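When a residue number appears, it is its place in the shown sequence, counting from 1. None of the values given here were measured: they were computed from a predicted structure.
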Amino acid sequence: MTLPRLIDTLLALHRALIDWTKREYERDHGPVGNPYALFALVSQDPAFQWLQPLTRLLVELEELRDRRAPPIAPEEVSGAAERIRLLLVSTEAGFAAKIRLAVESHQGATASHRALGELMG
């Protein structure tokens, strides 16, 4: 498992979770107008706040990937995988419960979650 592959797989899950949350939001509030409106919702609306721990972790992992020196050590990759595992079972802001709902009801979230699990073993 490489850090870039781990990040790409986690990004796919993040996108699927945003899509699921958007659908839930639209059911209650009507259509989201455009990508800029969605960005504003993801960054500011309480309905999307549960995603913030995952968003922060992705930013940190991308910074690690983009670091110029020293090279990424295998321990850093396994540490990143462990942080992802811990987040996926976290009770922070109902995170694990929301993920479970998304995985049970959204095909993209199901596939992305499965791919992440397979990658991390």
Side-chain angles (χ1 to χ4, degrees):
M1 163 177 40
T2 66
L3 187 59
R5 186 156 179 231
L6 186 59
I7 290 169
D8 288 345
T9 308
L10 191 58
L11 274 170
L13 177 60
H14 188 252
R15 280 188 218 105
L17 295 174
I18 289 172
D19 186 54
W20 176 77
T21 306
K22 176 184 172 219
R23 289 180 187 184
E24 295 291 307
Y25 181 89
E26 288 177 329
R27 190 175 53 214
D28 296 334
H29 303 281
V32 173
N34 58 53
Y36 300 107
L38 178 60
F39 177 78
L41 288 171
V42 170
S43 60
Q44 299 171 7
D45 193 276
F48 291 83
Q49 290 307 300
W50 74 276
L51 289 165
Q52 290 306 310
L54 179 57
T55 303
R56 284 191 301 270
L57 180 56
L58 273 165
V59 168
E60 291 172 20
L61 295 179
E62 288 175 334
E63 287 173 352
L64 176 60
R65 179 198 59 204
D66 297 341
R67 178 180 77 194
R68 299 236 184 255
I72 299 167
E75 306 82 49
E76 290 176 298
V77 176
S78 60
E82 182 59 22
R83 290 178 64 198
I84 293 167
R85 272 195 246 326
L86 290 173
L87 178 61
L88 292 179
V89 298
S90 169
T91 58
E92 182 179 338
F95 191 84
K98 288 278 199 177
I99 289 238
R100 231 181 343 275
L101 284 172
V103 167
E104 290 170 359
S105 62
H106 186 275
Q107 189 174 13
T110 304
S112 299
H113 189 266
R114 183 179 307 118
L116 184 61
E118 290 170 0
L119 177 63
M120 294 188 344

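- In this structure, CG on L3 lies 4.0 Å from CD1 on I7, to the nearest 0.5 angstrom.
- In this structure, W20 and W50 have perpendicular ring planes: the angle between them is above 60°, well past the 30° mark.
- Using a 4.0 Å cut-off between a side-chain N of Lys or Arg and a carboxylate O of Asp or Glu, E82 and R85 qualify as a salt bridge.
- With rounding to the nearest 0.5 Å, the separation of CD1 in I72 from OG1 in T2 is 9.0 Å.
- Enclosure of atom CZ in R67 by more than 12 non-hydrogen atoms of other residues, nucleotides or ligands within 6.0 angstrom is indicated.
- Shortest non-hydrogen contact noted between S105 and L101 is OG-O, 2.8 Å.
- Expressed to the nearest 0.5 Å, how far CG of L61 lies from CD of E76 amounts to 10.5 Å.
- Here the closest non-hydrogen pair linking L88 and A96 is O-CB, 3.7 Å.
- Note that CD of E26 and CG of L38 are 8.5 Å apart. Values are rounded to the nearest 0.5 Å.
- Remark: the backbone N or O of V42 is paired with a side-chain donor or acceptor of Q52 at under 3.5 angstrom.
- Here CZ of R5 is found 12.5 Å from CE of M120. Values are rounded to the nearest 0.5 Å.
- The nearest pair of heavy atoms linking F95 to L51 is CE1-CA, 4.5 Å.
- Going from atom CD of E60 over to atom CD of E63 covers 7.0 Å, rounded to the nearest 0.5 Å.
- A pairwise comparison of heavy atoms in A81 and M1 identifies CB-CE, 3.9 Å as the closest pair.
- In this structure, R15 does not pair ionically with D19, as no charged nitrogen and carboxylate oxygen lie closer than 4.0 Å.
- I99 approaches L17 most closely through the heavy-atom pair CD1-CD1, 3.6 Å.
- Looking only at distances, no side-chain donor or acceptor of S90 sits under 3.5 Å from a matching main-chain atom of L86.
- L10 approaches L54 most closely through the heavy-atom pair CD1-CD1, 3.6 Å.
- No donor-acceptor pair under 3.5 Å is formed between the side chain of S112 and the backbone N or O of A109.
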